[in-house]
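Chain naming here is simple, since letters A, B, ... match the order of the sequence lines and numbering starts at 1 in each.
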Amino acid sequence: MEDRYPFKDIESKWQERWAREGFYRVEPGGDRPKYYCLEMFPYPSGALHMGHMRNYAIGDVVARFKRMRGYNVLHPMGWDAFGLPAENAAIKHGIPPAKWTWSNIDRMRSQMKSLGLSYDWDREVASCHPDYYKWTQWLFLQLYKNGLAYKKKAAVNWCPSCATVLANEQVVDGACERCDTPVTKRDLEQWFFKITDYADRLLENLKKLTGWPDKVKIMQENWIGRSEGVEITFTVKETGDKLPVYTTRQDTIFGVTYMVLAPEHPVVEKVIAGSPREAEIRSFIEEVRRQSEIARTSTEAEKRGMFTGAHAINPMNGEEIPIWIANYVLMEYGTGAVMGVPAHDQRDFEFAKKYGLPIRVVIEPPGEHLDGASMESAYADPGVMVNSPGFDGLDSTVGRDRIASLMEERGIGRRKVNYRLRDWLISRQRYWGAPIPIIYCKKCGTVPVPEEDLPVLLPLDVEFEPTGQSPLTKSREFVETTCPVCGGPAERETETMDTFVCSSWYFLRYTCPRCTDAPFKRETVDYWMPVDQYIGGVEHAILHLMYARFFTMVLHDLGLVGVEEPFTNLLTQGMVLKEGAKMSKSKGNVVDPEYILDKYGADTARLFILFASPPERDLEWSDQGIEGSHRFLNRVWRLVRELSDSIRGLNGQALDKAALTKDEKALRRQAHATIKKVTDDIEGRFNFNTAISSIMELVNAMYQFKDRAADEPHGLAVMKEACEIMLLLLAPFAPHITEELWQLIGKTGSIHKEAWPEFDPEAVKVDEVTIVIQVNGKVRDRITVPSEMDDEELREVALKQDKARSFIGARGVREVFVVPRKLVNIVTN
RNA sequence: GCGAGAGUGGCGGAAUGGCAGACGCGCCAGACUUAGGAUCUGGUGGGUAACCCCCGUGAGGGUUCAAAUCCCUCCUCUCGCACCA
């Protein structure tokens with residue numbers, strides 16, 4: 001215990017000094033190339049957890065490394081500070097959301113500072129600050145003015161127990177996050193952003209994002225869900241109504257045996273009105289609508305339907321088919337109507353089987369015959385078209401195209417691209433968010449708040465018990481206003497914006513965090529953007545990352561920023577686990593960062609987190625593992641302390657490279673090889689774990705050398721060089737202890753302002769190499785040879801070895817493979 | 001169901017076609033010591049008396065002089081999407 005290095009003193013000493021000197025402050029410009037290193041800003045939930053700690057430790061190593069490599073590094077931090085937990089906490093504990101949020105921010109900021117993270121704190125932003133949300137509102141207005149923000153009636157998540165609307169992210173497995181009540185749908189007027197206008201570009205640009213993990217790109221691709229098909233117009237026989245359907249399988253048009261509509265489809269109302277089964281059908285529709293989201297959309301849920309009594313006419317062959325309604329058809333996608341082809345679609349197949357609808361085969365696998373009556377599942381693959389007048393015998397993939405063209409010629413259908421992506425619902429009936437800057441005037445209608453009147457301030461003295469309406473409706477002073485156009489009495493929009501709106505542009509605000517006449521300056525934002533490295537959890541793979549891309553594209557199109565894509569490289573870090581499971585209060589397996597910092601200090605905590613696993617993978621927390629990292633830093637501490645006096649005495653003297661002993665050369669070689677290894681590991685692939693392990697190996701070698709050879713004439717000089725290299729390489733990982741020891745060996749400046757070391761190619765050269773000798777692929781011997789020995793000679797030497805010859809025996813050599821400087825494989829007959 | 005990723009000692013992990021298990025944890029032994037839960041040194045995949053040798057990277061097959069690594073089939077786990085016509 002008494003031998004532990006005094007991490008508490010050291011860490012607070014340097015943290016204070018860095019803060020006092022504004023050590024990590026940056027400005028745009030200068031000779032050095034810019035580098036923007038960004039970690040996802042946190043929601044101020046109360047205290048940092050291990051996931052945060054991992055995220056920021058990774059980012060800080062990148063930022064510090066790039067700084068030492070000569071970049072002008074922007075490394076900011078802020079707070080995603082609007083959101084529901086603040087309101088929930090307020091309801092529970094009676095603390096106002098603003099107070100709760102700001103005190104959490106204070107606590108988390110101080111935790112970050114005690115981690116030694118190299119942020120430019122002058123650039124801190126908080127999305128709940130009026131100086132920030134003023135510009136969130138301003139950006140809303142820009143979208144509104146360009147037709148990208150609009151209001152429409154939509155079905156939203158509703159919790160019957162809490163009597164409030166829920167955000168999508170508040171619905172967990174179809175139930176309310178807070179009270180576990182199954183969520184239902186309600187129709188309400190809602191604000192949307194028209195992200196669907198950008199669907200194709202969001203999809204196309206993914207190809208350019210070569211610095212993103214494929215996993216994330218695939219998730220976004222699936223989320224956008226582009227499909228190419230045909231919208232075909234059927235006609236309702238009884239009423240003459242047009243009934244368009246969307247399909248990607250127009251090649252199966254002759255296999256349609258029924259039509260299914262979503263229960264909410266407008267045609268349903270017309271065809272059932274006055275029919276004998278009206279009441280029965282209505283009660284079915286009501287039942288489906290009452291169904292919770294989970295029950296409605298689960299794959300396991302049974303497909304249920306009902307015949308409406310009406311019929312549709314297939315425009316391709318004039319055939320009449322029954323129109324059904326069913327719970328498995330979604331009103332929101334395509335046209336809300338689906339043509340039923342049971343032989344070639346599994347869902348239709350199951351539905352047809354259940355309700356005795358005919359199954360007509362129109363595509364067969366090559367060389368096989370299918371019979372609808374005996375099929376056990378739908379045949380959904382391409383094949384040979386049959387029972388399709390004019391197309392029989394044709395390959396169905398060819399038929400798809402021809403039928404689409406024919407339908408267009410005949411005017412019964414048109415090619416169409418559909419997306420699964422929906423417009424982004426941004427309004428929330430909640431208090432703790434940025435107010436939507438809109439005013440409703442009886443005379444002038446919907447009027448945007450004039451830009452010079454921003455921000456629309458969120459009142460701080462409001463009752464926010466959830467009732468289903470925004471709490472802001474209860475604040476007279478907030479609601480009652482005058483119309484900016486006619487000056488008459490008017491009312492403010494009382495809903496607030498989804499917090500994802502706030503987080504869709506914060507990375508731009510960091511470039512000009514205190515700008516008062518614009519969200520950011522074009523020149524400055526263009527200097528820093530794009531973000532060179534973005535680091536965060538994979539849970540944001542779709543929503544945040546898609547919304548941020550959308551915003552950046554819109555702002556690009558409006559001429560506000562130069563870039564179209566905000567994040568060049570993306571690193572998605574894995575989770576922190578304990579006993580194989582995600583840390584959570586309910587499991588009782590939470591490790592508190594504050595406790596770890598107190599017991600071991602920031603350097604140890606950072607080092608362990610980075611050493612235990614590569615960043616993309618999950619990390620298994622180990623109480624013994626962190627002891628090991630702490631032990632390592634103690635080892636470094638003792639080593640450098642012991643040497644520091646003699647090293648200081650050597651300052652100013654050059655190393656005589658020519659006069660070194662074998663041992664001295666070996667340590668020098670290892671030190672320089674470690675530079676190369678650590679540089680490659682950080683630069684190329686973020687493998688911090690192997691970078692750290694090679695520094696550990698260097699320290700081990702230094703200990704060995706110290707006992708053996710530090711007294712030799714040049715031994716100390718070699719040791720001094722190794723020591724400097726080791727500290728420099730360790731500096732991004734363990735910034736405090738390296739700073740302290742750097743000073744201790746007589747350096748006057750900060751280690752964090754030093755240049756990253758370059759390795760000496762002469763030093764890493766080896767005279768001799770160990771060659772593995774294999775016979776028939778099995779290792780049989782090892783020999784040491786001069787490193788410059790050529791292949792032919794190596795082959796000869798290997799063949800002469802007794803060990804090798806004994807394994808070759810009498811069989812004779814058939815072939816010899818030589819891998820230069822590594823291995824010889826002798827293949828026998 | 002579809003998509004993605006993973007599976008290597010007692011544990012975290014290393015090796016992306018060329019010596020499997022670097023580094024760390026744990027364990028064992030030795031040194032120092034009044035003491036060691038400090039520190040230093042050495043050992044540590046399995047079989048085996050053995051520094052001979054044999055076996056070994058989820059299972060099985062294949063390609064190759066050579067496979068943890070590439071290909072095929074299967075199993076298990078994790079994550080994402082989940083009736084999108």
When the [atom1] atoms of [M] and [N] are compared, how many Å lie between them, rounded to an integer?
| N | M | atom1 | result |
| --- | --- | --- | --- |
| B:G24 | B:U44 | P | 14 Å |
| B:C23 | B:A31 | C1' | 24 Å |
| B:U57 | B:A15 | C1' | 11 Å |

Under 4.0 Å between any heavy atoms, over every strand shown, what does [X] touch: base, sugar-phosphate, or nothing? Just pick one.
| X | value |
| --- | --- |
| A:F807 | sugar-phosphate |
| A:S622 | nothing |
| A:L823 | base |
| A:G225 | nothing |
| A:D618 | sugar-phosphate |
| A:R685 | sugar-phosphate |
| A:R780 | sugar-phosphate |
| A:S629 | nothing |

Rounding to an integer number of Å, can you tell me how far [X] [atom1] sits from [N] [atom2]?
| X | N | atom1 | atom2 | result |
| --- | --- | --- | --- | --- |
| A:Q220 | B:G3 | CD | C1' | 15 Å |
| A:K706 | B:U39 | NZ | C1' | 11 Å |
| A:E627 | B:A38 | CD | P | 9 Å |
| A:E620 | B:G24 | CD | C1' | 15 Å |
| A:Q624 | B:G10 | CD | P | 17 Å |
| A:F817 | B:G18 | CZ | C1' | 12 Å |
| A:Q774 | B:C53 | CD | C1' | 17 Å |
| A:R814 | B:A66 | CZ | C1' | 13 Å |

Electrostatic pair A:K215:A:E616 at N-O distance under 4.0 angstrom: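 No.
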Does [N] have its OP1 or OP2 closer than 4.0 Å to a side-chain nitrogen or oxygen of [X]?
| X | N | value |
| --- | --- | --- |
| A:R631 | B:G37 | no |
| A:R617 | B:A14 | yes |
| A:R638 | B:C40 | yes |
| A:Q346 | B:C2 | no |
| A:N700 | B:A22 | no |
| A:N689 | B:G24 | no |
| A:R635 | B:C40 | yes |
| A:Y328 | B:A85 | no |

Between A:N327 (side chain only) and A:K303 (backbone N and O only), is there a donor and an acceptor less than 3.5 Å apart? no
When you compare the side chains of [X] and [Y], does any donor N or O come within less than 3.5 Å of an acceptor on the partner?
| X | Y | answer |
| --- | --- | --- |
| A:S629 | A:Y600 | no |
| A:Q220 | A:R549 | yes |
| A:N222 | A:R420 | no |

Assigned partner base of [N], Watson-Crick or wobble definition, under 3.5 Å:
| N | value |
| --- | --- |
| B:G30 | B:C40 |
| B:A20 | none |
| B:G5 | B:C77 |
| B:A15 | none |

Proximity to the side chain of A:T690 - top-ranked nucleotide from B:C65, B:A14, B:A85: B:A14
Here's a test of your reading of the structure: between A:A337 and A:S693, which maps to the more 5' nucleotide of RNA chain B?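 The residue mapped nearer the 5' terminus is A:S693.
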Return the 5'-most residue of the pair A:E815, A:V819 with respect to RNA chain B, ranking by each residue's nearest nucleotide. A:V819
Spatial distance of atom NZ (A:K207) from atom NZ (A:K217) [nearest 0.5 Å]: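 Interatomic distance, A:K207 NZ to A:K217 NZ, rounded to 0.5 Å: 11.0 Å.
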Presence of donor-acceptor pair under 3.5 Å, side chain of A:R782 and base of B:C19: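 Indeed there is one.
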State whether the distance check finds a donor on one side and an acceptor on the other, under 3.5 Å, for side chain A:K303 versus base B:C83.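 Counting by modelled atom types and ignoring angles, a donor-acceptor contact under 3.5 Å is found here.
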Mind telling me whether B:G47 is syn or anti, cutoff 90° either side of 0? anti
Ring geometry between A:Y379 and A:H344 (parallel below 30°, tilted from 30 to 60°, perpendicular above 60°): perpendicular
Starting from the C-alpha separation in whole Å, work towards a yes-or-no answer on salt bridge (charged side-chain N to carboxylate O under 4.0 Å, His left out) for A:K677 and A:E697. CA-CA 12 Å; A:K677 168 78 177 153; A:E697 286 178 274; over 6 Å; no
